[in-house]
Structures are given as structure tokens and as C-alpha cells.
Amino acid sequence: MWLLRSLAWALLSPVLFAELSRQESSLLRSLGLSAKPSPASPAPVPPALWRMFQRREALPRPRTDRDPCRVEELSVPGDIVRVFADQGRFLPEGQPQGLCLRKLLFFNLSVLEEGERLTMAQLELQFQHNSYPTPSPGQVLELRLYPVSPRGLPQPRPGRRPLLERSFVQLHKSLLFDLSAALKTPGRNLSLLLEISASGGAGSLRSLCASSDSFVASSLLAVSLGRQCRAGRSRRSAPSPSLTPSPLCKPRRLYISFSDVGWENWIIAPQGYLANYCGGECPFPLAAELNSTNHAVLQTMVHSLDPRGTPQPCCVPVRLSPISILYYDNSDNVVLRHYQDMVVDECGCR
């Protein structure tokens with residue numbers, strides 16, 4: 001008997017593995033991923049995303065007062081927050097007098113899903129220090145940002161006005177610029193030319209340019225509305241009933257650990273979550289607390305008269321709530337996404 005069971009498992013294992021792989025692929029697609037991410041050299045999690053995630057995790061459940069289709073920390077609609085790393089390069093030296101820095105900024109936006117709408121795009125430029133030596137009177141730093149083609153030489157067209165232009169007496173460690181208006185209809189890539197130049201009064205501009213030489217990195221924070229939110233499917237959860245043992249239709253405790261399903265390498269946080277499931281009977285007569293529909297009430301009546309010909313109603317989720325997940329996507333970008341319908345809060349007979 002043991003040998004027969006072992007042989008049967010050996011024969012069924014490839015079939016079960018193939019079916020599990022198909023189900024995993026289908027679930028990943030529903031989560032907005034083309035395949036299971038495998039980050040080769042994971043980037044550090046941006047502090048802004050950590051703060052958002054931790055703030056959401058600190059909220060008590062059920063989260064009835066929070067709109068799952070809005071990023072309250074940034075006061076914009078959205079359920080997906082991504083941080084795209086700059087993949088551009090510094091341009092060769094031999095620049096005109098007073099031009100301190102020229103850099104091509106390149107962001108790969110191909111991970112944006114069809115039907116996804118950007119609601120915010122914020123460019124961050126990072127430098128090494130919080131402040132720099134005070135320049136001579138009349139000296140300023142000019143920052144300009146031009147849209148350029150990702151192909152060919154990164155040069156702004158003659159006479160073309162900058163996408164963004166700012167003047168600074170002193171640089172700071174982090175500079176933030178709103179590019180939302182420029183990215184209302186984004187393509188698959190975003191290429192920008194960054195120029196920082198020094199101008200002004202008499203004296204050497206070398207010390208003023210030295211501050212821009214401390215350029216560290218740039219990134220693009222993008223907030224968007226996914227298809228689920230755009231379809232108007234946001235829901236608010238009702239108070240969750242206690243998960244007490246009962247033969248009747250109730251939520252049952254189910255904790256899903258992402259390591260158990262092999263997702264711990266690309267999901268940053270949480271390590272798992274309390275998903276719950278629905279289980280129990282829908283007996284005749286149906287009590288009011290079983291959240292039954294009129295159809296279910298009639299079905300139980302018919303079942304009581306004809307048990308073989310008519311099944312009992314099923315115990316299914318009737319109220320679900322979202323969770324937030326911080327993870328690496330298929331392009332190794334760090335993403336904070338609000339996923340709806342992930343936690344069973346209430347069950348009913350249907």
C-alpha cells in the first residue's frame with residue numbers, strides 16, 4: 001500500500017506542480033506582475049515608502065475610515081506608489097564656461113500597466129550635504145530640465161524652453177520637483193537632460209560649481225490609479241466579527257506566510273498577513289447573523305424538502321478589506337501597492 005501511494009504521488013507531482021505554476025502565474029498577473037520577480041541586486045527601500053507602509057500598518061483594523069484609492073500622505077488619488085531609479089549617465093566634460101553639471105536622466109516606465117493613470121510624478125535630486133559655503137554676492141546656481149529623446153544625442157532642441165527652471169543661492173541635500181503636468185500621457189520611457197550652471201558676480205565660480213559636483217542620485221516617485229480603483233471598486237470594510245469556533249458560516253483564521261509560497265525574495269514587507277477564509281454551514285432556517293440573501297433563504301427551504309436535488313447555500317466572503325504590500329517589481333523598482341479584497345472580514349450564505 002505504501003509503495004502504491006508513493007508511486008501515485010510521483011505520477012501526480014508533475015501535474016500538481018504544473019497546476020500550481022499556472023495558478024501562481026494567474027495570481028501574479030492579477031497583482032500587476034508579468035512573472036515572479038527575482039531581484040538580482042535589490043535597491044534600498046526609499047525612506048518615504050517605508051514611512052507610508054509603516055503608517056498604514058499602524059492603523060487599526062478594520063480600516064473603515066481610509067480610502068483604499070487615495071494616498072493620504074501625498075494628498076493625491078492612487079493605490080500604487082513606485083520609485084523609479086535613474087538609469088541615465090553623466091555627459092562628457094568640456095562644457096561651456098559656467099556649466100557645472102550635465103546629466104541624462106532616464107527612467108524606465110514600461111512597468112506601468114494598461115489602463116493605469118498617473119496622478120503624481122515627483123523628481124528627487126540628491127546631493128551629499130544639507131548646505132554649502134555661501135556664494136559671493138550676486139552668484140546663483142541655475143537648474144534647468146529639458147525633455148529629450150532617448151535616442152541619439154541628449155541635446156535640447158534649439159530655442160526650446162526648459163521643462164523646469166529654478167534658481168538657487170545654495171543647494172540642499174534633497175530637491176523635489178513636481179513633474180505631474182509633464183507626465184499626463186507618459187510613454188514607456190522618460191528621458192530628461194539636467195543642467196546646473198553657475199552665474200553672477202565677479203570672482204571664481206569654481207567653489208559654487210563644487211556643490212553640484214556632490215550630486216549623488218536621482219529618482220522618480222510616481223503615484224497612479226490602477227484598473228481596480230478606476231473601475232470604482234473601492235469598498236469600505238464593516239467591523240470584523242470575532243473568529244470564534246462555530247459550526248455556522250463564519251470567518252476562520254488563516255495566516256498566509258509569503259515564505260511558504262516562495263515569495264519572500266521579492267516581497268519586502270509584510271512577511272505575511274491574516275487573510276482568513278469562510279467556513280461553516282448554512283442550515284435551515286437561516287439566522288439573521290448569517291448575512292443571507294433572499295435567494296439563499298429560499299434555497300435552504302427547498303433543500304430541507306429535497307436534500308438530494310438541491311444543495312445548501314455556500315458560505316462565502318461578503319466583505320473584504322485591503323492590505324498594503326511593499327515589494328520589488330519585475331524591473332527591480334520598489335513599489336508600495338494597496339491591494340483590495342485580500343482579507344476576509346465577513347462571511348455570508350449565498
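Just the heavy atoms: all of them, side chains too, but no hydrogens, waters or symmetry mates, feed the values below.
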message = Under a plain distance cut-off of 3.5 Å, with no hydrogens placed, do H338 and S324 share a side-chain donor-acceptor pair?
response = yes
E113 to E116 - nearest heavy-atom pair and separation = N-OE1, 2.8 Å
query = Which atom names give the shortest non-hydrogen contact between S224 and R82, and what distance separates them?
reply = OG-NH1, 3.7 Å
task = Kindly state each residue pair satisfying disulfide bond (SG atoms under 2.5 Å apart) with at least one member in residues 283-329, sequence neighbours excluded.
result = C249-C315
inquiry  = Test your reading of the model: is there a side-chain donor-acceptor pair from R144 to the backbone of R161, 3.5 Å cut-off?
reply    = no
ask   = From R319 CZ over to D341 CG, what is the distance, rounded to the nearest 0.5 angstrom?
value = 11.0 Å
message = Pair L164, L192 - check side-chain contact (heavy atoms from CB on, under 4.5 Å), show working.
response = CA-CA 10 Å; L164 183 145; L192 302 168; over 6 Å; no
message = Quick check for you: to the nearest 0.5 Å, what is the distance between I196 atom CD1 and R166 atom CZ?
response = 13.0 Å
task = Measure the shortest side-chain to side-chain distance between H295 and V297 over non-hydrogen atoms and say whether it is less than 4.5 angstrom.
result = no
Electrostatic pair E73-R51, nearest N-O below 4.0 angstrom = no
query = Mind checking whether L99 and S197 have side chains closer than 4.5 Å, heavy atoms only?
reply = yes
remark   = Correct closest heavy-atom pair for F284 and M301 would be CE1-CG, 3.5 Å
message = So does V344 get a backbone contact from the side chain of N276, meaning a donor-acceptor N/O pair under 3.5 Å?
response = yes
note = Of all heavy-atom pairs linking L141 and C100, the shortest is CD2-SG, 4.3 Å
request  = Check step by step if side-chain contact (heavy atoms from CB on, under 4.5 Å) holds for V334 and L326.
outcome  = CA-CA 7 Å; V334 180; L326 193 62; 4.1 Å; yes
inquiry  = Using 0.5 Å steps for rounding, measure from the CZ atom of F107 to the OG atom of S218.
reply    = 4.0 Å
Under 3.5 Å side-chain donor-acceptor pair for S174 and Q126 = no
query = Linking I/L/V/M/F/W/Y whenever any side-chain heavy atoms sit under 4.5 Å apart, do L190 and F90 land together?
reply = yes
Within 6.0 angstrom of D306 CG, more than 12 heavy atoms from elsewhere = yes
Full working for side-chain contact (heavy atoms from CB on, under 4.5 Å) between L74 and M52 = CA-CA 10 Å; L74 300 173; M52 289 183 199; 3.6 Å; yes
task = To the nearest 0.5 Å, tell me how far S180 OG sits from L123 CG.
result = 11.0 Å
query = If Ile, Leu, Val, Met, Phe, Trp and Tyr residues are connected whenever their side-chain heavy atoms lie under 4.5 Å apart, and connections chain through other members, are L145 and V216 in the same group?
reply = no
request  = Kindly indicate, with the supporting measurements, whether the criterion side-chain contact (heavy atoms from CB on, under 4.5 Å) is fulfilled by K250 and C278.
outcome  = CA-CA 6 Å; K250 296 284 184 183; C278 291; over 6 Å; no
query = Quick one: are L220 and L109 in side-chain contact, heavy atoms under 4.5 Å?
reply = yes
task = Report yes if some heavy atom in the side chain of C69 is under 4.5 Å from a heavy atom in the side chain of Q340; otherwise report no.
result = yes
Report all side-chain donor-acceptor pairs from residues 33-47 shorter than 3.5 Å, counting only partners two or more places apart or in another chain.
residue: S34; atom: OG; partner: N330; partner atom: OD1; Å: 3.1

query = Is L221 close to E124 at the side-chain level, that is, under 4.5 Å between some pair of heavy atoms?
reply = no
task = Report the residue from L118, V223, L225 that forms a side-chain contact (heavy atoms from CB on, under 4.5 Å) with V76.
result = V223
key: CE-CD1 distance between M342 and I325, expressed to the nearest 0.5 angstrom   = 4.5 Å
key: Closest non-hydrogen atom pair between S331 and D329, with its separation   = N-OD1, 2.8 Å
task = Determine, using the 4.5 Å side-chain heavy-atom cutoff (strictly less than), whether I323 and V261 are members of one ILVMFWY cluster.
result = yes
ask   = Are L290 and P283 close enough that some pair of their side-chain heavy atoms sits under 4.5 Å apart?
value = yes
inquiry  = Listing request: all side chain to side chain donor-acceptor pair (under 3.5 Å) pairs with a residue in residues 261-275, at least two apart in sequence or in separate chains.
reply    = E24-W263
key: Point-to-point distance, once rounded to the nearest 0.5 Å, from CD of Q87 to CG of N189   = 8.5 Å
query = Which heavy atom in L104 sits nearest to a heavy atom in D86, and how many Å separate them?
reply = O-OD1, 4.0 Å
query = Do the non-hydrogen side-chain atoms of L143 and L125 ever get within less than 4.5 Å of each other?
reply = yes
inquiry  = Taking the side chain as everything from C-beta on, heavy atoms only, tell me whether R252 gets closer than 4.5 Å to L254.
reply    = no
